[in-house]
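Just follow the structure's listing: the first ligand is 1, and inside any ligand the first atom is 1. Please read all numbers here as calculations on a predicted model, not as lab measurements.
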Amino acid sequence: MRPPGLRDDVVYLDHNATTPVDPRVVEAARPYLETHFGNPSTTGAYAEEPRRALHEARVHVAELVDADPSEIVFTSGGSESDALALRGPALAPGDHLVTQVTEHPAVLRTCAALERAGVRITLLSVDGFGRVDPAELRRALTPRTRLVSVMLANGETGTVQPVAELAAIAREHGALFHTDAAQAVGKIPVSVTDLGVDLLTIAGHKLYAPKGIGALYVRHGVPLEPLIPGGGQEDGRRSGTENVAFAVALGEAARLADESLGVEAARITELRDRLHDRLGEVRLNGHPDHRLPGTLNVSLPGVIGRDLLAGLPGLVAATGSACHTGDPEPSGVLTAMGLDRARALAAIRLSLGRWTTEADVDRAAALLTQR
Ligand SMILES: Cc1ncc(COP(=O)(O)O)c(C=O)c1O
């Protein structure tokens, strides 16, 4: 069933900014808003069903990323998960943290704050496709390196990083590895075991759950200081009375994603490539192969992406990360990849999703090429 918020007169190709909530997710969460209001941390009849549902949601999220349910901490979203992953290991002044230039601001700004507190930060560069060179990570590591944070997939370009390789290098050196998988989970197979990561960020609103719910995978045995101390919920790793309805929503979204991952990825890749073909002479920004199924970032010749989209009310897409809108500067992600200013300003990001049809991509291509 198509979410009622998707309009027939406006093609929505901005799923990397946020996804509509799947109507099945809404239905799964509804009883925990309307009926089962009990506090899952209390005892007695009212607590039982919320507690059971919270556990089931944790199981679904864990299954999607190949983790144990006890390794899943519910948070308020991707940004909080990133902050908990970076601050939780409690780095001391003089400790070293390695990250890379195209991370989401939730990572980069947390690193900047840690740097002000005396932690040494190294920012790895990326190549023209937006990928980190594992050899550069190897060179950056020092005996004081405690944590490495490299995202699994970039939201602007869809470029997927060689995380398994990077995590193995970090592990060899005894450093923890965090990956921000907010843009990857639910779109491509993600296994914390195969990746070999210690910490992994999940954001609900990128996989058809509501905004304001997310999770952090924390490998067994990784010590973590809570960002929010208090009643000791989430095994002491994130206090605050649990948002049961939204956790259930995330659990159902994870279950649905798991169910259709392979088929959906193939369908969306095909639609994305059809859209690319129909745009004619454009330059692809991001990796041609190591890329999310639904992400197409292209520079159209002789345009300013922002102006182009502003003149096309029948199409919703993006020119950079959603968090950067209002910023007249070219995308920092694209400039970090070495794109010149004109090409970076000409970029548009088209991101497809669960209800995107062939008719949608054909209409989008027609609008973008009618100039
Ligand atoms: C890679 C990445 N990390 C983190 C976030 C932030 O997630 P949230 O909006 O749930 O805080 C986003 C959202 O755009 C993202 O793309």
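Using a 4.0 Å cut-off to heavy atoms of Gly77, the atoms of ligand 1 that qualify are 10 (O). Residue-ligand proximity, Gly78 to ligand 1, at heavy-atom distances under 4.0 Å covers atoms 7 (O), 8 (P), 10 (O), 11 (O). Ligand-side atoms of ligand 1 in range of Ala203: 10 (O), range being under 4.0 angstrom from any heavy atom. Listed by number with element, the atoms of ligand 1 under 4.0 Å from a non-hydrogen atom of Asp82 are 3 (N), 4 (C).
The nearest non-hydrogen atom to atom 4 (C) of ligand 1, considering only Thr179, Asp180, Leu152, Asn154, comes from Asp180.
Looking only at side-chain heavy atoms (C-beta outward), Glu329 and Arg341 come within less than 4.5 Å of each other.
Proximity of Met151 to ligand 1, defined as any heavy-atom pair under 4.0 Å, is confined to the side chain (atoms from C-beta onward). By the criterion of a heavy-atom distance under 4.0 Å, neither the backbone nor the side chain of Thr201 is placed next to ligand 1. The side chain of His205, and not its backbone, has at least one atom closer than 4.0 Å to an atom of ligand 1 (non-hydrogen atoms only; side chain from C-beta on).
Taking distance alone, with nitrogen or oxygen atoms compared against 3.5 Å, Gln183 approaches ligand 1 more closely than that limit. The shortest N or O to N or O distance between Ala182 and ligand 1 is not below 3.5 Å. Annotation: Ser79 places an N or O atom under 3.5 Å from an N or O atom of ligand 1; distance criterion only.
Expressed to the nearest 0.5 Å, how far CZ of Arg267 lies from CG of Leu352 amounts to 8.5 Å. Rounding to the nearest 0.5 Å gives a distance of 4.5 Å between OG1 of Thr179 and CG of Leu152.
A salt bridge links Glu259 and Arg255; the closest N-O separation between the charged side-chain nitrogens and carboxylate oxygens is under 4.0 Å.
Classification of the Phe37-Tyr46 ring pair by plane angle, with boundaries at 30° and 60°, yields tilted. Under the 30°/60° scheme for interplanar angles, the aromatic rings of His15 and Tyr12 are found to stand perpendicular.
Using a 4.0 Å heavy-atom cutoff, Gly155 is absent from the residues neighbouring ligand 1. Using a 4.0 angstrom heavy-atom cutoff, Lys206 counts as in contact with ligand 1.
Counting only N and O atoms by type, the side chains of Gln161 and Thr159 include no donor and acceptor under 3.5 Å apart.
For the salt bridge (Lys or Arg N to Asp or Glu O under 4.0 Å) condition, the pairs that include at least one residue of residues 79-98, sequence neighbours left out, are Glu80-Arg238, Asp95-Arg144, Asp95-Arg146. Applying the ring-ring contact (aromatic ring centres under 6.0 Å, His included) rule to pairs touching residues 153-178 yields nothing, sequence neighbours excluded.
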